[in-house]
Amino acid sequence: MMRMAAAAQNVENCIDLTLGEPDAPTPPEICEALFQAAIEGCTHYAPGLGLIGLRDAISEYWAKKYNLRYGANEIFVTTGGSQASLLAMQAILNPGEEVILLEPFFTFYEQHITQAGGVPLFSMTGLEKHFLPGADEVEAIVTDKTKAIIVNSPCNPTGAVYPRETLEGLARIAEKHDLLVISDELYEAFVYGAKHIPFATLPGMQERTITIGGMSKAYAMTGWRIGYAMGPAEIIKTMQVVGAPQTICVNTMVQEASEFAIRNCDKRIESMVSLFEKRVQFASELFASIPGLKITKPSGSFYLFIDVAGTGMNGEEFAVKMLEEAGVVTVPGLSFGPHCTNYIRVACTVSNETMREAVERIKAVL
């Protein structure tokens, strides 16, 4: 993924479809809140778990929206959702213990597992099943060393939103084999014609689930690097202890501005989600019109995961060819799991006009 981004820097007039972030700037009122926090002297260390005002705001958000309730000692503010994922792995894994990855998966998960001394197990589900994992296939790879499952819905890179039936199948596996679940719900606001169901709301799952959220996508705050984890107090405390030598705490002014955003910017989220729903729909129709490509319309996030095998190329060959000959940058599917070689990921984070031009360039090359 990073190699494609670096190669794109040497291509003039390229269209970059790799960026997993909104192309809009952070809303000015959130920036103003950070400025005011700095002026008022909020420039010192924050408590290790995060400012109590922000943790209360996070708790109220999930309680109001999903009836999912956490106390302040069950919420940990982190330097982005990625740090939350890494710290979760470091907190729960002993050397050699296994974590099941539902392939395709977000690139960093595998690295977080291995950096924590764990072993990734892969369970692949393809486009033909709309990227929804089957419980039987997942349970078939469980061993006596398996410690956890990582769930990501809405999903990066596929855009799949797991229905209740899929989540309940995974919950039965977690309960039967006494597994923990790391549920990455960073894209929970980005659902289109579907319903987001937090994994921890399933019966018996809150006490074994670490839920990851953040500010990056819905509030256009990717560069602010702030996320959070919610879960059992003993695991959250362990994550905080493990994370203290890394960052001590998250930027205090960013935490103040994040509390403001959660409490005051619902309309901004609605506007952002509406924009990306239209973009995903538009891009899906464009790519579906290209001979040799297969696509299933996403129900969430803002990505397309496209099977390019019908062109006679695998994902890496397709991505390199389009970069070199069309000036269009995509991410090869291999970035998202060892069985994703026939796919590419496209981020719908450009205007419809730019996306149309990208598709026309790809068609011309093919």
Side-chain angles (χ1 to χ4, degrees), residues 1-11 13-23 80-82 85 101-112 120 122 124-127 131 150 152 154-160 184 186-187 190 216-217 222-223 276 279-280 282-284 286-288 290 292-298 300-311 313-351 354-355 357-359 361-363 365-366:
M1 184 162 58
M2 294 180 180
R3 181 161 58 86
M4 290 298 296
Q9 295 177 2
N10 301 317
V11 178
N13 193 32
C14 74
I15 297 175
D16 191 344
L17 302 181
T18 70
L19 297 177
E21 63 174 345
D23 53 343
S82 293
S85 172
L101 289 172
L102 306 177
E103 197 177 353
F105 54 82
F106 175 53
T107 309
F108 291 169
Y109 297 156
E110 182 179 4
Q111 297 169 33
H112 293 162
F122 305 105
M124 175 66 180
T125 305
L127 183 146
F131 302 112
I150 298 181
N152 177 210
C155 181
N156 171 13
T158 67
D184 182 350
L186 202 69
Y187 293 89
F190 293 87
S216 293
K217 312 301 180 178
T222 52
F276 280 99
R279 285 183 173 182
V280 167
F282 183 77
S284 297
L286 286 179
F287 277 95
I290 302 177
L293 303 190
K294 292 182 180 179
I295 182 172
T296 183
K297 181 183 174 184
S301 75
F302 40 66
Y303 304 101
L304 308 179
F305 206 56
I306 304 170
D307 186 338
V308 301
T311 66
M313 293 177 277
N314 64 31
E316 186 168 6
E317 292 166 341
F318 184 95
V320 170
K321 186 176 185 67
M322 293 308 151
L323 172 62
E324 294 177 346
E325 300 183 26
V328 176
V329 195
T330 60
V331 183
L334 193 58
S335 300
F336 306 101
H339 302 99
C340 298
T341 53
N342 287 334
Y343 293 89
I344 62 165
R345 190 193 76 172
V346 166
C348 304
T349 50
V350 297
S351 68
T354 301
M355 187 64 76
E357 181 181 348
V359 169
R361 290 187 189 185
I362 290 172
K363 283 183 175 180
V365 171
L366 290 176

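Just so you know, these numbers come straight off a predicted model, no measurement behind them.
Interatomic distance, Ile344 CD1 to Leu293 CG, rounded to the nearest 0.5 Å: 6.5 Å. Remark: Leu17 CG to Ile362 CD1 distance equals 7.0 Å, nearest 0.5 Å. Within the model, atoms CD of Glu357 and OG of Ser351 stand 9.0 Å from one another, a figure rounded to the nearest 0.5 Å. Put simply, CZ on Phe282 and CZ on Phe287 are 10.5 Å apart, with the number rounded to the nearest 0.5 Å. One finds the OG atom of Ser335 at 8.5 Å from the CD atom of Glu316 (value rounded to the nearest 0.5 Å). We find the CG-CZ distance between Asp23 and Arg279 to be 4.0 Å, quoted to the nearest 0.5 Å.
Residues Cys155 and Pro104 form no side-chain contact, since every pair of their non-hydrogen atoms from C-beta on lies 4.5 Å or further apart. Here the side chains of Val346 and Met355 are in contact, with some heavy-atom distance below 4.5 Å. Within the 4.5 Å cutoff, no side-chain heavy atoms of Phe336 are placed close to those of Tyr343. In this structure, the side chains of Ser85 and Tyr109 come closer than 4.5 Å at one or more pairs of heavy atoms. At a threshold of 4.5 Å between non-hydrogen side-chain atoms, the residues Phe318 and Leu366 count as touching. Counting only heavy atoms from C-beta outward, the side chains of Thr125 and Leu102 never approach each other to under 4.5 Å. Glu110 has its side chain out of reach of Glu103: every pair of non-hydrogen atoms, C-beta onward, lies at least 4.5 Å apart. Side-chain contact between Pro338 and Met124 is absent, with no heavy-atom pair separated by less than 4.5 Å.
Ring orientation note: the planes of His112 and Phe108 are tilted relative to one another, at an angle of 30° to 60°. Using a 30° and 60° split on the angle between ring planes, Phe131 and Phe305 fall in the perpendicular class, above 60°.
Residues passing the salt bridge (Lys or Arg N to Asp or Glu O under 4.0 Å) test with Lys321 are Glu325, sequence neighbours excluded. Residues passing the side-chain hydrogen bond (donor to acceptor under 3.5 Å, both in side chains) test with Thr341, sequence neighbours excluded: none.
Closest heavy-atom contact between Pro154 and Ser301: CB-N, 3.7 Å. Annotation for Thr222 and Pro22: closest pair CG2-CD, 4.3 Å, computed over non-hydrogen atoms. When all heavy atoms are compared, the tightest approach of Pro120 to Leu101 is CB-CD1, 3.8 Å. Among all heavy-atom pairs drawn from Thr330 and Ala319, the shortest one is OG1-CB, 3.6 Å. Of all the heavy atoms in Ser82 and Phe106, the pair that sits closest is OG-CE2, 4.1 Å. The nearest pair of heavy atoms linking Ser284 to Ile295 is CA-CD1, 4.0 Å.
Between the side chain of Glu317 and the backbone N or O of Asn314 there is at least one donor-acceptor pair closer than 3.5 Å. No donor-acceptor pair closer than 3.5 Å links the side chain of Asn342 to the backbone N or O of Asp307. Using modelled atom types, one side-chain atom of Thr349 and one backbone atom of Leu19 make a donor-acceptor pair closer than 3.5 Å. Side-chain atoms of Arg345 never come within 3.5 Å of backbone atoms of Thr158 as a donor-acceptor pair (strictly under, hydrogens ignored).
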**Message:** Would Phe276 and Tyr187 count as a side-chain contact (heavy atoms from CB on, under 4.5 Å) here? Give the steps.
**Reply:** CA-CA 12 Å; Phe276 280 99; Tyr187 293 89; over 6 Å; no

Inset, instruction - Begin from the C-alpha positions of Phe105 and Asn152 and carry the test side-chain contact (heavy atoms from CB on, under 4.5 Å) through to its verdict. - result: CA-CA 8 Å; Phe105 54 82; Asn152 177 210; over 6 Å; no

